[in-house]
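Input: a single structure, listed below in structure tokens.
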Amino acid sequence: LTKARAKETQLWGEVDKSVKVFGPDLNTVKRAEKIKADMLPEEKLPKPIEAFITRISAQQEPISAKELFTARSRALEMGREATAKNKFGQARRMNEIADAMLDDLMMVTDETAIVARDFSWKLNQRFNTDLVRGIRKVEPEVALETGIQGSDTQRALNIQAMKRATESTE
């Protein structure tokens with residue numbers, strides 16, 4: 001997974017980030033507004049994300065894809081931190097905003113962006129399943145045993161998922 005994430009980072013690094021995307025109409029702003037509408041008045045999004053959303057929704061000029069990439073990375077980081085602290089509501093909100101940012105980045109349509117998005121999508125399809133996340137949390141010596149628990153059908157599905165996760169993308 002470490003090698004695959006490094007390759008993913010390399011591919012995203014090759015994307016032209018000078019492309020401009022327009023602020024107020026971004027999916028990011030709309031999703032954040034929807035999320036905030038479902039929150040208590042006393043609740044706030046994390047300060048960096050709240051400030052970014054406020055800024056891009058107020059400005060009339062487009063922002064660079066680089067800013068959106070950076071904000072998305074920060075939202076994903078905050079989502080991981082919230083998950084680690086068992087703050088699942090905050091993690092879900094950060095991941096929803098990161099997904100909206102990715103939707104906005106779909107406007108960047110050069111070949112490098114298409115290749116990077118495809119690689120990221122396939123990578124996440126392989127590793128972001130409950131089974132694979134669970135197996136990655138246990139000691140390597142018991143990973144296979146963990147994966148083959150359950151009914152015959154469940155074991156077959158688990159083995160397929162483990163096989164997909166270990167197949168090389170190179």
Side-chain angles (χ1 to χ4, degrees), residues 1-138 165 169:
L1 180 60
T2 304
K3 282 179 153 180
R5 289 292 181 204
K7 179 70 173 176
E8 180 184 34
T9 300
Q10 175 197 345
L11 290 171
W12 280 112
E14 294 171 3
V15 173
D16 178 10
K17 294 179 185 74
S18 64
V19 174
K20 301 290 184 183
V21 288
F22 194 67
D25 293 328
L26 290 176
N27 291 313
T28 304
V29 173
K30 293 173 186 170
R31 184 82 52 92
E33 288 172 355
K34 182 182 179 303
I35 289 168
K36 289 196 286 187
D38 292 336
M39 294 169 62
L40 294 171
E42 297 80 10
E43 291 180 297
K44 301 283 184 212
L45 292 172
K47 286 182 182 181
I49 299 301
E50 182 82 40
F52 177 75
I53 302 285
T54 301
R55 179 171 58 85
I56 65 172
S57 62
Q59 73 185 42
Q60 297 301 313
E61 298 168 15
I63 61 169
S64 71
K66 181 179 181 181
E67 280 187 272
L68 207 47
F69 273 101
T70 302
R72 181 172 185 271
S73 293
R74 188 67 182 117
L76 289 170
E77 179 183 322
M78 289 176 183
R80 286 189 298 273
E81 289 171 359
T83 299
K85 295 176 182 174
N86 294 328
K87 295 182 177 183
F88 301 114
Q90 182 177 343
R92 180 187 46 77
R93 289 188 289 271
M94 289 297 93
N95 289 329
E96 283 184 33
I97 290 172
D99 287 346
M101 290 174 176
L102 184 59
D103 291 343
D104 291 329
L105 288 167
M106 296 295 260
M107 290 187 264
V108 181
T109 56
D110 68 342
E111 186 62 29
T112 58
I114 293 167
V115 169
R117 271 194 301 271
D118 184 55
F119 185 88
S120 289
W121 185 83
K122 288 177 181 173
L123 182 64
N124 288 318
Q125 288 299 308
R126 287 173 50 201
F127 288 102
N128 283 344
T129 65
D130 290 340
L131 169 71
V132 174
R133 281 193 305 263
I135 289 173
R136 289 178 51 222
K137 290 179 182 177
V138 299
T169 59

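Note that the numbering runs from 1 along the sequence shown for the chain.
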Worksheet entry | All side-chain contact (heavy atoms from CB on, under 4.5 Å) counterparts of Thr83, not counting sequence neighbours | Phe88, Ala91

Worksheet item: Is there a donor-acceptor pair closer than 3.5 Å between any side-chain N or O of Asp104 and the backbone N or O of Thr28?
Response: yes

Response to the item:
With sequence neighbours left out, the residues meeting salt bridge (charged side-chain N to carboxylate O under 4.0 Å, His left out) with Asp103 are Arg31

Discussion item. Does anything in residues 44-54 form a salt bridge (charged side-chain N to carboxylate O under 4.0 Å, His left out)? List the pairs, not counting sequence neighbours.
Written reply: Lys36-Glu50

Worksheet item: Is there side-chain contact between Met39 and Arg93, with heavy atoms separated by less than 4.5 Å?
Response: yes

Worksheet item: Which atom names give the shortest non-hydrogen contact between Ser57 and Val29, and what distance separates them?
Response: CB-CG1, 3.7 Å

Practice prompt. Please round to the nearest 0.5 Å and tell me the distance separating atom CG of Leu45 and atom CE of Met78.
Written response: 9.5 Å

Practice prompt. Taking the side chain as every heavy atom from C-beta outward, state whether Ile63 and Phe52 have any atom pair closer than 4.5 Å.
Written response: yes

Counting only pairs under 3.5 Å, give me each side-chain donor-acceptor contact of residues 68-76, with atom names and distances, residues two or more places apart or in other chains.
| from | atom 1 | to | atom 2 | distance (Å) |
| --- | --- | --- | --- | --- |
| Thr70 | OG1 | Lys66 | O | 2.9 |
| Arg72 | NE | Ala98 | O | 3.1 |
| Ser73 | OG | Phe69 | O | 3.2 |
| Arg74 | NH1 | Glu77 | OE2 | 2.7 |

Fill in: Lys34: partners by side-chain contact (heavy atoms from CB on, under 4.5 Å), with sequence neighbours left out
Asp38

Discussion item. Please enumerate all residues that pass salt bridge (charged side-chain N to carboxylate O under 4.0 Å, His left out) together with Glu96, with sequence neighbours excluded.
Written reply: Arg92

Worksheet item: If you round to the nearest 0.5 Å, how far is CE of Met94 from CZ of Arg80?
Response: 13.0 Å

